[in-house]
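Here is how names work: the chains are called A, B, and so on, in the same order as the sequence lines, proteins then strands, and each is numbered from 1.
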Protein chains: 2
Amino acid sequence: MTSEDTAFGSVALDLMERALDAQGLRHTLPRRTMLEVVAGMGRPFTATELTERVAGRDPHIGRASVFRLLQLLRGSGLVERLHGPDGELYTLCLAREHHHHVTCTVCGQTATFSLEDDRAVARAVERIGFRMEHHVLQVFGVCPACREHTEEPSR
Amino acid sequence: MTSEDTAFGSVALDLMERALDAQGLRHTLPRRTMLEVVAGMGRPFTATELTERVAGRDPHIGRASVFRLLQLLRGSGLVERLHGPDGELYTLCLAREHHHHVTCTVCGQTATFSLEDDRAVARAVERIGFRMEHHVLQVFGVCPACREHTEEPSR
DNA sequence: ACCTAATTGATACACATTATCAGTGTTGAT
DNA sequence: ATCAACACTGATAATGTGTATCAATTAGGT
Ligand SMILES: [Mn+2]
Ligand SMILES: [Mn+2]
Ligand SMILES: [Zn+2]
Ligand SMILES: [Zn+2]
(Lines give C-alpha, C1' and ligand atoms only; values in the text may rest on other atoms or scores of the structure.)
(Ligands and ions follow the chains in the order given, each with its own letter.)
Protein backbone atom coordinates (compact mmCIF):
# COMPACT_ATOMS: atom_id res chain seq x y z
CA MET A 1 0.00 0.00 0.00
CA THR A 2 1.55 3.29 -1.04
CA SER A 3 1.17 6.50 0.90
CA GLU A 4 -1.11 7.81 -1.85
CA ASP A 5 -3.42 4.86 -1.33
CA THR A 6 -3.45 5.54 2.37
CA ALA A 7 -4.17 9.20 1.87
CA PHE A 8 -6.90 8.45 -0.66
CA GLY A 9 -8.35 5.82 1.63
CA SER A 10 -8.60 8.13 4.59
CA VAL A 11 -10.16 10.89 2.53
CA ALA A 12 -12.68 8.42 1.21
CA LEU A 13 -13.32 7.03 4.67
CA ASP A 14 -13.89 10.52 5.96
CA LEU A 15 -16.31 11.39 3.18
CA MET A 16 -18.27 8.21 3.71
CA GLU A 17 -18.56 8.70 7.44
CA ARG A 18 -19.66 12.28 6.91
CA ALA A 19 -22.25 11.12 4.40
CA LEU A 20 -23.67 8.61 6.86
CA ASP A 21 -23.62 11.23 9.62
CA ALA A 22 -25.52 13.59 7.36
CA GLN A 23 -28.31 11.05 7.18
CA GLY A 24 -28.45 10.74 10.94
CA LEU A 25 -27.13 7.20 10.95
CA ARG A 26 -25.29 5.67 13.86
CA HIS A 27 -21.65 4.89 14.37
CA THR A 28 -21.12 1.20 14.92
CA LEU A 29 -18.10 -1.05 14.90
CA PRO A 30 -19.28 -3.27 12.01
CA ARG A 31 -19.95 -0.19 9.93
CA ARG A 32 -16.56 1.28 10.69
CA THR A 33 -14.87 -1.95 9.69
CA MET A 34 -16.82 -2.21 6.46
CA LEU A 35 -16.14 1.42 5.56
CA GLU A 36 -12.42 0.88 6.03
CA VAL A 37 -12.53 -2.09 3.71
CA VAL A 38 -14.50 -0.17 1.08
CA ALA A 39 -12.03 2.70 1.32
CA GLY A 40 -9.21 0.24 0.79
CA MET A 41 -10.49 -1.40 -2.37
CA GLY A 42 -8.54 0.14 -5.20
CA ARG A 43 -10.93 -0.77 -7.98
CA PRO A 44 -14.48 -1.86 -8.69
CA PHE A 45 -15.50 -4.92 -6.75
CA THR A 46 -18.33 -7.39 -6.57
CA ALA A 47 -20.48 -7.63 -3.48
CA THR A 48 -18.98 -11.05 -2.90
CA GLU A 49 -15.41 -9.73 -3.01
CA LEU A 50 -16.30 -7.08 -0.49
CA THR A 51 -18.03 -9.60 1.73
CA GLU A 52 -14.95 -11.82 1.69
CA ARG A 53 -12.58 -9.02 2.60
CA VAL A 54 -14.87 -7.86 5.35
CA ALA A 55 -15.01 -11.40 6.68
CA GLY A 56 -11.20 -11.36 6.74
CA ARG A 57 -11.35 -8.48 9.18
CA ASP A 58 -14.29 -9.66 11.24
CA PRO A 59 -15.98 -12.96 10.46
CA HIS A 60 -18.96 -12.03 12.60
CA ILE A 61 -20.16 -9.38 10.18
CA GLY A 62 -23.04 -10.74 8.15
CA ARG A 63 -23.63 -10.67 4.44
CA ALA A 64 -26.81 -8.69 4.86
CA SER A 65 -24.99 -5.85 6.59
CA VAL A 66 -22.58 -5.58 3.70
CA PHE A 67 -25.44 -5.19 1.26
CA ARG A 68 -27.13 -2.74 3.56
CA LEU A 69 -24.03 -0.58 3.66
CA LEU A 70 -23.68 -0.70 -0.11
CA GLN A 71 -27.23 0.55 -0.39
CA LEU A 72 -26.59 3.41 1.98
CA LEU A 73 -23.43 4.45 0.16
CA ARG A 74 -25.17 4.23 -3.17
CA GLY A 75 -27.92 6.39 -1.78
CA SER A 76 -25.42 9.06 -0.85
CA GLY A 77 -23.75 8.76 -4.23
CA LEU A 78 -20.34 7.71 -2.98
CA VAL A 79 -20.65 4.21 -4.37
CA GLU A 80 -21.99 3.45 -7.82
CA ARG A 81 -23.10 0.18 -9.29
CA LEU A 82 -21.75 -0.53 -12.76
CA HIS A 83 -22.75 -3.27 -15.15
CA GLY A 84 -19.65 -5.28 -15.80
CA PRO A 85 -19.58 -7.95 -18.49
CA ASP A 86 -19.73 -10.61 -15.78
CA GLY A 87 -22.26 -9.09 -13.44
CA GLU A 88 -22.65 -6.05 -11.31
CA LEU A 89 -19.71 -4.16 -9.89
CA TYR A 90 -19.64 -1.60 -7.12
CA THR A 91 -17.15 1.21 -7.17
CA LEU A 92 -16.18 3.91 -4.76
CA CYS A 93 -16.40 7.17 -6.64
CA LEU A 94 -15.71 10.55 -5.10
CA ALA A 95 -16.22 12.66 -8.19
CA ARG A 96 -19.36 14.73 -7.70
CA GLU A 97 -19.74 16.17 -11.19
CA HIS A 98 -21.33 14.28 -14.05
CA HIS A 99 -18.83 11.80 -15.45
CA HIS A 100 -18.44 8.35 -16.93
CA HIS A 101 -16.39 5.25 -16.32
CA VAL A 102 -13.86 3.33 -18.37
CA THR A 103 -13.07 -0.19 -17.29
CA CYS A 104 -9.93 -1.98 -18.39
CA THR A 105 -10.90 -5.34 -19.84
CA VAL A 106 -7.49 -6.72 -18.94
CA CYS A 107 -6.90 -5.76 -15.31
CA GLY A 108 -10.30 -4.45 -14.20
CA GLN A 109 -8.98 -1.05 -13.21
CA THR A 110 -11.54 1.72 -13.67
CA ALA A 111 -11.06 5.41 -14.33
CA THR A 112 -13.47 8.28 -14.79
CA PHE A 113 -13.65 10.67 -17.69
CA SER A 114 -15.90 13.32 -19.16
CA LEU A 115 -16.98 14.07 -22.67
CA GLU A 116 -15.87 17.37 -24.15
CA ASP A 117 -19.43 18.06 -25.07
CA ASP A 118 -21.92 16.08 -23.10
CA ARG A 119 -24.82 17.93 -24.71
CA ALA A 120 -24.11 16.12 -27.96
CA VAL A 121 -26.00 13.22 -26.43
CA ALA A 122 -29.02 15.36 -25.60
CA ARG A 123 -29.00 16.79 -29.10
CA ALA A 124 -28.83 13.33 -30.64
CA VAL A 125 -32.04 12.19 -28.97
CA GLU A 126 -33.72 15.54 -29.53
CA ARG A 127 -33.38 14.89 -33.23
CA ILE A 128 -35.86 12.05 -32.81
CA GLY A 129 -38.14 14.03 -30.54
CA PHE A 130 -37.05 12.83 -27.13
CA ARG A 131 -36.28 15.07 -24.19
CA MET A 132 -33.28 13.62 -22.38
CA GLU A 133 -33.45 13.17 -18.66
CA HIS A 134 -30.24 11.33 -18.01
CA HIS A 135 -27.80 8.98 -19.61
CA VAL A 136 -25.32 6.29 -18.74
CA LEU A 137 -22.17 5.82 -20.76
CA GLN A 138 -19.89 2.95 -20.01
CA VAL A 139 -16.66 2.33 -21.87
CA PHE A 140 -14.53 -0.78 -21.98
CA GLY A 141 -10.96 -0.73 -23.20
CA VAL A 142 -7.35 -1.16 -22.19
CA CYS A 143 -5.68 1.00 -19.58
CA PRO A 144 -2.29 2.66 -20.04
CA ALA A 145 -0.46 0.09 -17.92
CA CYS A 146 -1.98 -2.87 -19.73
CA ARG A 147 -1.36 -1.31 -23.13
CA GLU A 148 2.37 -1.54 -22.47
CA HIS A 149 2.17 -5.30 -22.23
CA THR A 150 -0.21 -5.92 -25.12
CA GLU A 151 0.79 -3.30 -27.66
CA GLU A 152 4.15 -3.57 -29.38
CA PRO A 153 5.87 -0.21 -29.65
CA SER A 154 5.18 1.06 -33.17
CA ARG A 155 8.70 1.15 -34.54
CA MET B 1 -52.69 -3.33 -33.31
CA THR B 2 -52.14 -1.03 -36.24
CA SER B 3 -51.20 -2.24 -39.68
CA GLU B 4 -47.72 -0.80 -39.14
CA ASP B 5 -47.33 -2.98 -36.08
CA THR B 6 -48.41 -6.01 -38.05
CA ALA B 7 -46.03 -5.22 -40.88
CA PHE B 8 -43.16 -4.60 -38.51
CA GLY B 9 -43.98 -7.76 -36.63
CA SER B 10 -43.93 -9.93 -39.73
CA VAL B 11 -40.68 -8.42 -40.93
CA ALA B 12 -39.17 -9.08 -37.55
CA LEU B 13 -40.58 -12.58 -37.46
CA ASP B 14 -39.12 -13.25 -40.85
CA LEU B 15 -35.69 -11.97 -39.89
CA MET B 16 -35.66 -14.03 -36.73
CA GLU B 17 -36.66 -17.22 -38.51
CA ARG B 18 -34.03 -16.60 -41.14
CA ALA B 19 -31.42 -16.04 -38.45
CA LEU B 20 -32.29 -19.33 -36.77
CA ASP B 21 -32.31 -21.09 -40.15
CA ALA B 22 -28.87 -19.71 -40.85
CA GLN B 23 -27.62 -21.46 -37.74
CA GLY B 24 -29.11 -24.75 -38.86
CA LEU B 25 -31.69 -24.78 -36.11
CA ARG B 26 -34.99 -26.62 -36.42
CA HIS B 27 -38.48 -25.30 -36.90
CA THR B 28 -40.67 -26.24 -34.00
CA LEU B 29 -44.07 -25.18 -32.83
CA PRO B 30 -42.93 -23.81 -29.46
CA ARG B 31 -40.26 -21.79 -31.20
CA ARG B 32 -42.70 -20.41 -33.74
CA THR B 33 -45.07 -19.40 -30.97
CA MET B 34 -42.34 -17.72 -28.99
CA LEU B 35 -41.00 -15.90 -32.03
CA GLU B 36 -44.44 -14.53 -32.77
CA VAL B 37 -44.70 -13.23 -29.23
CA VAL B 38 -41.27 -11.63 -29.39
CA ALA B 39 -42.17 -10.01 -32.70
CA GLY B 40 -45.33 -8.66 -31.12
CA MET B 41 -43.75 -6.96 -28.13
CA GLY B 42 -43.59 -3.30 -29.00
CA ARG B 43 -40.99 -2.36 -26.45
CA PRO B 44 -38.23 -3.73 -24.23
CA PHE B 45 -39.44 -6.50 -21.99
CA THR B 46 -38.23 -8.56 -19.08
CA ALA B 47 -37.74 -12.28 -19.44
CA THR B 48 -40.64 -12.70 -17.04
CA GLU B 49 -42.97 -10.56 -19.16
CA LEU B 50 -42.10 -12.59 -22.20
CA THR B 51 -42.61 -15.84 -20.34
CA GLU B 52 -46.04 -14.72 -19.22
CA ARG B 53 -47.17 -13.71 -22.68
CA VAL B 54 -45.88 -16.95 -24.11
CA ALA B 55 -47.78 -18.86 -21.45
CA GLY B 56 -50.90 -16.99 -22.54
CA ARG B 57 -50.52 -18.50 -25.99
CA ASP B 58 -49.41 -21.96 -24.92
CA PRO B 59 -49.14 -22.81 -21.23
CA HIS B 60 -47.12 -25.92 -22.05
CA ILE B 61 -44.07 -23.96 -23.14
CA GLY B 62 -41.52 -23.97 -20.35
CA ARG B 63 -39.58 -21.14 -18.88
CA ALA B 64 -36.28 -22.69 -19.89
CA SER B 65 -37.23 -22.65 -23.55
CA VAL B 66 -37.95 -18.96 -23.35
CA PHE B 67 -34.50 -18.28 -21.97
CA ARG B 68 -32.99 -20.57 -24.55
CA LEU B 69 -34.64 -18.65 -27.36
CA LEU B 70 -33.52 -15.34 -25.93
CA GLN B 71 -29.98 -16.64 -25.95
CA LEU B 72 -30.23 -17.73 -29.55
CA LEU B 73 -31.65 -14.40 -30.63
CA ARG B 74 -29.02 -12.51 -28.71
CA GLY B 75 -26.39 -14.62 -30.37
CA SER B 76 -27.67 -13.60 -33.78
CA GLY B 77 -27.85 -9.98 -32.70
CA LEU B 78 -31.58 -9.54 -33.19
CA VAL B 79 -32.27 -9.22 -29.50
CA GLU B 80 -30.16 -7.13 -27.15
CA ARG B 81 -30.06 -7.12 -23.40
CA LEU B 82 -30.16 -3.66 -21.82
CA HIS B 83 -29.57 -2.69 -18.24
CA GLY B 84 -32.71 -0.98 -17.11
CA PRO B 85 -32.85 0.78 -13.75
CA ASP B 86 -34.95 -2.09 -12.42
CA GLY B 87 -33.11 -5.03 -13.90
CA GLU B 88 -32.33 -6.46 -17.28
CA LEU B 89 -34.47 -5.78 -20.31
CA TYR B 90 -34.50 -7.56 -23.63
CA THR B 91 -35.33 -5.72 -26.78
CA LEU B 92 -35.90 -6.73 -30.35
CA CYS B 93 -33.61 -4.60 -32.47
CA LEU B 94 -33.30 -4.88 -36.21
CA ALA B 95 -30.76 -2.11 -36.73
CA ARG B 96 -27.45 -3.65 -37.75
CA GLU B 97 -25.15 -0.62 -37.48
CA HIS B 98 -23.70 0.69 -34.25
CA HIS B 99 -26.37 2.60 -32.39
CA HIS B 100 -27.78 3.40 -28.99
CA HIS B 101 -31.11 3.25 -27.22
CA VAL B 102 -33.36 5.84 -25.62
CA THR B 103 -36.01 4.61 -23.26
CA CYS B 104 -39.05 6.69 -22.34
CA THR B 105 -39.30 6.83 -18.57
CA VAL B 106 -43.06 7.39 -18.84
CA CYS B 107 -44.31 4.73 -21.24
CA GLY B 108 -41.30 2.46 -21.65
CA GLN B 109 -41.15 2.86 -25.40
CA THR B 110 -37.63 2.60 -26.79
CA ALA B 111 -36.07 4.10 -29.88
CA THR B 112 -32.62 3.92 -31.38
CA PHE B 113 -30.35 6.78 -32.29
CA SER B 114 -26.77 7.48 -33.27
CA LEU B 115 -24.33 10.12 -32.24
CA GLU B 116 -23.16 12.54 -34.89
CA ASP B 117 -19.60 11.79 -33.89
CA ASP B 118 -19.21 8.54 -32.09
CA ARG B 119 -15.45 8.87 -32.05
CA ALA B 120 -15.76 11.65 -29.51
CA VAL B 121 -16.12 8.89 -26.94
CA ALA B 122 -12.93 7.17 -28.05
CA ARG B 123 -11.12 10.48 -27.97
CA ALA B 124 -12.34 11.21 -24.47
CA VAL B 125 -10.84 8.06 -23.02
CA GLU B 126 -7.68 8.41 -25.12
CA ARG B 127 -7.05 11.64 -23.28
CA ILE B 128 -6.49 9.55 -20.15
CA GLY B 129 -4.45 6.93 -21.94
CA PHE B 130 -7.06 4.25 -22.55
CA ARG B 131 -7.61 2.51 -25.85
CA MET B 132 -11.35 2.08 -26.32
CA GLU B 133 -12.66 -1.33 -27.28
CA HIS B 134 -16.38 -0.73 -27.08
CA HIS B 135 -18.93 1.36 -25.27
CA VAL B 136 -22.51 1.28 -24.16
CA LEU B 137 -24.60 4.41 -24.06
CA GLN B 138 -28.07 4.32 -22.67
CA VAL B 139 -30.34 7.32 -22.51
CA PHE B 140 -33.49 7.84 -20.50
CA GLY B 141 -35.97 10.57 -21.28
CA VAL B 142 -39.47 11.35 -22.49
CA CYS B 143 -40.71 10.28 -25.90
CA PRO B 144 -42.56 12.60 -28.29
CA ALA B 145 -45.97 11.14 -27.48
CA CYS B 146 -45.50 11.41 -23.73
CA ARG B 147 -44.11 14.92 -24.01
CA GLU B 148 -47.47 16.06 -25.33
CA HIS B 149 -49.16 15.04 -22.12
CA THR B 150 -46.53 16.28 -19.69
CA GLU B 151 -45.25 19.44 -21.32
CA GLU B 152 -47.52 22.43 -21.59
CA PRO B 153 -47.32 24.06 -24.99
CA SER B 154 -44.99 27.08 -24.62
CA ARG B 155 -47.42 29.88 -25.30
C1' DA C 1 -40.96 -45.61 -42.15
C1' DC C 2 -36.43 -44.91 -39.72
C1' DC C 3 -32.51 -43.03 -37.55
C1' DT C 4 -30.10 -39.53 -35.20
C1' DA C 5 -29.41 -35.47 -33.17
C1' DA C 6 -31.83 -31.31 -31.81
C1' DT C 7 -35.33 -29.82 -28.85
C1' DT C 8 -38.39 -29.90 -25.12
C1' DG C 9 -40.41 -29.30 -20.28
C1' DA C 10 -39.66 -30.47 -15.61
C1' DT C 11 -36.67 -30.05 -12.13
C1' DA C 12 -32.83 -28.88 -9.65
C1' DC C 13 -29.32 -25.65 -9.15
C1' DA C 14 -26.49 -21.30 -8.67
C1' DC C 15 -26.20 -16.77 -7.57
C1' DA C 16 -27.07 -11.95 -6.06
C1' DT C 17 -30.06 -9.31 -3.53
C1' DT C 18 -33.88 -8.38 -0.35
C1' DA C 19 -37.19 -9.27 3.48
C1' DT C 20 -38.06 -10.83 8.30
C1' DC C 21 -37.32 -10.87 12.88
C1' DA C 22 -35.80 -11.35 17.53
C1' DG C 23 -31.88 -9.75 20.04
C1' DT C 24 -28.27 -5.93 20.70
C1' DG C 25 -26.03 -1.52 20.88
C1' DT C 26 -26.07 3.60 20.20
C1' DT C 27 -27.65 7.83 21.29
C1' DG C 28 -29.81 11.80 23.09
C1' DA C 29 -32.54 13.12 26.87
C1' DT C 30 -32.94 12.96 31.62
C1' DA D 1 -24.81 7.50 35.08
C1' DT D 2 -29.52 5.83 33.83
C1' DC D 3 -32.74 4.93 30.55
C1' DA D 4 -35.89 4.25 27.03
C1' DA D 5 -36.46 4.56 22.03
C1' DC D 6 -35.27 2.74 18.07
C1' DA D 7 -31.46 2.08 14.69
C1' DC D 8 -28.69 -1.69 13.85
C1' DT D 9 -27.25 -6.41 13.84
C1' DG D 10 -26.65 -11.40 12.19
C1' DA D 11 -29.14 -15.53 11.10
C1' DT D 12 -32.29 -17.17 8.24
C1' DA D 13 -35.73 -17.43 4.83
C1' DA D 14 -37.39 -15.80 0.63
C1' DT D 15 -37.06 -13.72 -4.12
C1' DG D 16 -35.70 -13.27 -8.70
C1' DT D 17 -33.00 -14.27 -12.72
C1' DG D 18 -30.70 -17.21 -15.23
C1' DT D 19 -28.36 -21.91 -16.03
C1' DA D 20 -27.45 -27.07 -15.88
C1' DT D 21 -29.35 -31.74 -16.16
C1' DC D 22 -31.89 -35.23 -18.03
C1' DA D 23 -35.25 -38.37 -19.81
C1' DA D 24 -38.81 -38.07 -23.22
C1' DT D 25 -40.25 -36.19 -27.60
C1' DT D 26 -39.79 -34.63 -32.25
C1' DA D 27 -37.92 -32.67 -36.59
C1' DG D 28 -36.00 -33.67 -40.76
C1' DG D 29 -32.75 -35.98 -43.81
C1' DT D 30 -32.30 -40.78 -45.63
MN1 LIG E 1 -18.66 7.52 -10.93
MN1 LIG F 1 -30.11 -1.94 -30.45
ZN1 LIG G 1 -5.55 -2.57 -17.23
ZN1 LIG H 1 -43.29 7.64 -23.75
Considering non-hydrogen atoms only, spot the tightest contact between [X] and [Y] and give its length.
| X | Y | result |
| --- | --- | --- |
| B:Thr112 | B:Cys93 | CG2-SG, 4.4 Å |
| A:Gly108 | A:Thr103 | O-CG2, 4.0 Å |
| B:Leu89 | B:Gly84 | CD1-CA, 4.2 Å |

Exercise. Transitive ILVMFWY cluster of B:Val106 at side-chain heavy atoms under 4.5 Å: who else is in it?
Worked result: B:Val142
For this session: May I have the distance from B:Asp86 (atom CG) to D:dT17 (atom P), rounded to whole angstrom?
Result: 10 Å
Exercise. Taking DNA chain C as the partner, which of residues 42-57 of chain B come within under 4.0 angstrom of it by heavy atom?
Worked result: none
Exercise. Using a heavy-atom distance cut-off of less than 4.0 Å, which residues of residues 61-72 of chain A contact DNA chain C?
Worked result: A:Arg63, A:Ala64, A:Phe67, A:Arg68, A:Gln71
Using the 3.5 Å cut-off, write out each protein N or O paired with an N or O of nucleotides 28-30 of chain D and the distance between them.
{"residue": "D:dG28", "atom": "OP1", "partner": "B:His27", "partner atom": "N", "Å": "2.8"}

Exercise. With sequence neighbours left out, what residues match A:Leu115 under side chain to side chain contact (heavy atoms under 4.5 Å, CB included)?
Worked result: A:His100, A:Phe113, A:Asp118, A:Val121, A:Leu137, B:Val121, B:Ala124
For this session: Without swapping roles, check the side chain of B:Thr150 against the backbone of B:Cys146 for a donor-acceptor pair under 3.5 Å.
Result: yes
Exercise. For B:Arg26, does its backbone N or O pair with a side-chain atom of B:Arg31 as donor and acceptor, under 3.5 Å?
Worked result: yes
Problem set entry | Heavy atoms from other residues, nucleotides or ligands near CZ of B:Arg119 exceed 12 (cutoff 6.0 Å) | no
Problem set entry | First-last contacting nucleotides on DNA chain C - partner chain A, under 4.0 angstrom, heavy atom | C:dA16 to C:dT27
May I have the list of side-chain donor-acceptor pairs in residues 34-49 of chain B shorter than 3.5 Å, sequence neighbours left out?
{"residue": "B:Glu36", "atom": "OE1", "partner": "B:Arg57", "partner atom": "NH1", "Å": "3.1"}
{"residue": "B:Glu36", "atom": "OE1", "partner": "B:Arg57", "partner atom": "NH2", "Å": "3.1"}
{"residue": "B:Glu36", "atom": "OE2", "partner": "B:Arg32", "partner atom": "NE", "Å": "2.8"}
{"residue": "B:Glu36", "atom": "OE2", "partner": "B:Arg32", "partner atom": "NH2", "Å": "3.3"}
{"residue": "B:Arg43", "atom": "NH1", "partner": "B:Cys107", "partner atom": "O", "Å": "2.7"}
{"residue": "B:Arg43", "atom": "NH2", "partner": "B:Cys107", "partner atom": "O", "Å": "3.2"}
{"residue": "B:Thr46", "atom": "OG1", "partner": "B:Glu49", "partner atom": "N", "Å": "3.0"}
{"residue": "B:Thr46", "atom": "OG1", "partner": "B:Glu49", "partner atom": "OE1", "Å": "3.4"}
{"residue": "B:Glu49", "atom": "OE1", "partner": "B:Thr46", "partner atom": "N", "Å": "2.9"}

Problem set entry | Check against side-chain hydrogen bond (donor to acceptor under 3.5 Å, both in side chains), A:Thr105 and B:Glu133 | CA-CA 9 Å; A:Thr105 56; B:Glu133 286 177 339; 2.8 Å; yes
Problem set entry | ring pair (Phe, Tyr, Trp, His ring centres under 6.0 Å) pairs, two or more places apart, involving residues 62-88 of chain B | A:His83-B:His83
Problem set entry | Test of ring centre spacing under 6.0 Å for A:His101 and B:His135 | no
Exercise. Which residue pairs satisfy the salt bridge (charged side-chain N to carboxylate O under 4.0 Å, His left out) criterion with at least one member in residues 82-109 of chain A, sequence neighbours excluded?
Worked result: A:Arg81-A:Glu88
Exercise. Excluding sequence neighbours, so at least two apart, what forms side chain to side chain donor-acceptor pair (under 3.5 Å) with B:Arg147?
Worked result: B:Glu151
Problem set entry | Relative orientation of the end axes in the helix from C:dA1-D:dT30 to C:dT30-D:dA1, expressed as an angle to the nearest 10° (five pairs per end) | 30°
Problem set entry | Contacts of type ring-ring contact (aromatic ring centres under 6.0 Å, His included), residue B:His60, not counting sequence neighbours | none
For this session: State whether B:Tyr90 places a side-chain N or O below 4.0 Å from either non-bridging phosphate oxygen (OP1 or OP2) of D:dG18.
Result: yes
